[in-house]
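Below is one structure, written out as structure tokens; comments come after it.
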Amino acid sequence: MILIRIRGSSSSLHRFRLNVSAHVFYKWRQSCQAPTFNFAAFSSTAASRALNIIPVEENVGSLYAPSSEIKKCNTLNIQRENLKNGLREDDGISARLVDICAAAGELDCAFQILNDLSGFRYSGSWNKVISLCIEKKLHGEVSSLISRILDKNVTLDDVALANILRACSGVKVGFHFVEQVHAKIIRYGFSTNQHVCNPLIDLYLKTELVDSAIQIFKNMGTRDSVTWVAMISGLSQSCREMEGILLYCEMRKLGVFPTPYIFSSVISACTKVNLYELGEQLHAQILKWGFSSELFVCNSLVSLYSRCRNLTFAELIFSEMQHRDRVTYNTLISGFAMQGSSEKSLELFEEMHTESLKPDSVTVACLLGTCASMGVLHKGVQLHSYAIKAGMCSDIIIEGSLLDLYVKCSEVKTAHKFFLATQTDNVVLWNVMLVAYGQMGDLQESVHIYSQMQNKGLQPNQYTYPSILRTCTSVGAIDLGEQVQTQVIKTGFQPNVYVCSVLIDMYAKHGKLETAQKIFRRLSEDDIVSWTAMIAGYAQHDMFHESLKLFVEMQERGIRSDNIGLASAISACAGIQAFDQGRQIHSQSVVSGYSSDISIGNALVCLYARCGCILEAH
DNA sequence: ATAGGGTTAG
């Protein structure tokens, strides 16, 4: 078996084309059985240099070259002993071989080489293997590799530490792990070094240890633009967007020049917290700095304008871009999808192909979402087959979107079959099924799903609770609803507006208006659904004065009522025979475009009939 | 070597 073959003349090593089969080399090293082995009397340094000049790809390509090809090569011979003594313990060569193994995807082989070499210092090779683990999603392996590096107690320089940190950042590592690396950093005296601190900040932010990141940031001696980007984008991604935006302001105050990276991060933060005006101001800055044709900057701008429903502008930026990528399309597609323009989204999907861009799972998920909400089953089914062909059906987001499609299009049987076929521990799927059974008014199945998911160890989330509670409300299972509420409190879950509004609705509908009122008053944000639930609840239980009082309060706060709120208020007026006020609300509802709404119509008939205006009632 | 897009809810 041939291990190393060197083509070309032996006189000039640098011109050699050397092909190494790492796998074969390792096998040989393992067995130590001499193959028909040829090598010239090269020193280990020379051989190492030779290995270094070969592009890795070529080695990979020749990994399984046919033997006839090998014979054609001008092969140089060496002694097996030379290799054994000269190469085996040499870090440089081993490092290179690990690189080659890593590039060839021969993970086991790379592991073995690293393992066998007792005196192997840290080198970039560890990183190559770590990257490979990340690529192959062998997350457990990465952590154990890094642990081994740390355990080896070797001296790590700043570059090495930075590489380790970046490797950690690619996988989900626990905070104890990050802290362990951090301890090393402090020990080696790099705690203010920007090359180390930048990836450390990034890692802390990804591990959701935001305050640790801020601490490091504050202690840093010099900060470069990478530091600022890491902080601003990291804060934005950790739902602390405002702090990110404020940090940007601080940065500008300090006279630090913005970069395209900075702009896309801060624009994204603005988009997330609906600070559209600020986003537009930043757009002006972008033009001023001449970054308006940067791909990432444009993408964040398309996202900004899509989210503030200025799709005309989003489309304009999109069309003026010289280069678009998949994300550009996905952003605009999701913009149109959110607006309910499923046709426009689907057009863009087709257009992607003309630019040779391949739609990914994000694209398909967006499109499935719009098909589901528009009830366009046939398009959704087409997308399903596209997803199968593209091999993205195991993507959890695609699974969720597909199940939602079938549920929303009332394909209950298909949905159920699909659900049974998935076998994942994806909470979204359970939540969607909960909605499905709730829609059918099937409390028994809903409860079954609800308890089964918890038996599987899945925590109900902000989508789960409103779903089960809504079903309880609609079928009148208040006791059960109360049990769920107790559970919410017991688990320490912070109820959001959806949970609160459905609780308010449940209690209000079933006459427990004081309880409903308590939850309502504790709600910090103005939520139209909660207001309506209260107003309707009072009216329903003949507490007309309370109902009207709340209706007036809502209007004073500048909240526009929906049809149910208006209808309830009119009913309340009828109840206390407040004819003029009822008439006023009637004209309001006409202005709001509810003149043909059935619930308002019924309330009006009641109002005019009770006030003796039979003609108007008619 | 730091950046941009995503599934389930009244």
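A, B, ... follow the sequence lines: proteins, then strands. Residue 1 opens every chain. When reading the values below, keep in mind they use all heavy atoms of this one structure, side chains included, and skip hydrogens, waters and symmetry mates.
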[X] side-chain proximity, nearest of [options]:
{"X": "A:D527", "options": "B:dA3, B:dG10, B:dA1", "value": "B:dG10"}
{"X": "A:N431", "options": "B:dG10, B:dT8, B:dA9", "value": "B:dT8"}
{"X": "A:D202", "options": "B:dT8, B:dA3, B:dG10", "value": "B:dA3"}
{"X": "A:S233", "options": "B:dA3, B:dA9, B:dG6", "value": "B:dA3"}
{"X": "A:I397", "options": "B:dT7, B:dA9, B:dA1", "value": "B:dT7"}
{"X": "A:Y261", "options": "B:dT7, B:dA1, B:dG10", "value": "B:dA1"}

Starting from [atom2] on [N], measure out to [atom1] on [X] and report it in whole angstrom.
{"X": "A:M251", "N": "B:dA3", "atom1": "CE", "atom2": "C1'", "result": "13 Å"}
{"X": "A:F349", "N": "B:dG6", "atom1": "CZ", "atom2": "P", "result": "18 Å"}
{"X": "A:W430", "N": "B:dT7", "atom1": "CH2", "atom2": "P", "result": "23 Å"}
{"X": "A:D360", "N": "B:dG6", "atom1": "CG", "atom2": "P", "result": "12 Å"}
{"X": "A:D224", "N": "B:dA3", "atom1": "CG", "atom2": "C1'", "result": "14 Å"}
{"X": "A:Q439", "N": "B:dA9", "atom1": "CD", "atom2": "C1'", "result": "11 Å"}
{"X": "A:L247", "N": "B:dA3", "atom1": "CG", "atom2": "C1'", "result": "15 Å"}
{"X": "A:D404", "N": "B:dA9", "atom1": "CG", "atom2": "C1'", "result": "10 Å"}

Q. Between the side chain of A:S561 and the main-chain N/O of A:L566, is any donor-acceptor distance below 3.5 Å?
A. yes
Q. Is there a donor N/O on one and an acceptor N/O on the other, under 3.5 Å, for the side chain of A:S501 and the base of B:dG10?
A. yes
**Q.** Where A:Y450 and A:L434 come nearest, the two heavy atoms and their spacing
**A.** N-CD1, 4.0 Å
Q: Could you tell me which non-hydrogen atom of A:A415 sits nearest to which non-hydrogen atom of A:L403, and how far apart they are?
A: O-CD1, 3.3 Å
Q.
With rounding to the nearest 0.5 angstrom, report the CG to CG distance, A:D224 to A:N198.
A. 4.5 Å
Classify [X] by what it touches in the nucleic acid, base, sugar-phosphate, or nothing, heavy-atom distance under 4.0 Å.
{"X": "A:S264", "answer": "base"}
{"X": "A:E399", "answer": "nothing"}
{"X": "A:V502", "answer": "nothing"}
{"X": "A:I396", "answer": "base"}
{"X": "A:Q194", "answer": "nothing"}
{"X": "A:D395", "answer": "base"}
{"X": "A:N496", "answer": "base"}
{"X": "A:S361", "answer": "base"}

Q) B:dA9 phosphate, OP1 or OP2: any side-chain N/O from A:R470 under 4.0 angstrom? A) no
Q.
OP1 or OP2 of B:dT7 versus the side-chain N and O atoms of A:K408: is any pair under 4.0 Å?
A. no
Q.
Regarding A:R324 and A:E351, does a basic nitrogen lie under 4.0 Å from an acidic carboxylate oxygen?
A. no
Q. When the aromatic ring centroids of A:W430 and A:F419 are compared, is their separation below 6.0 Å?
A. yes
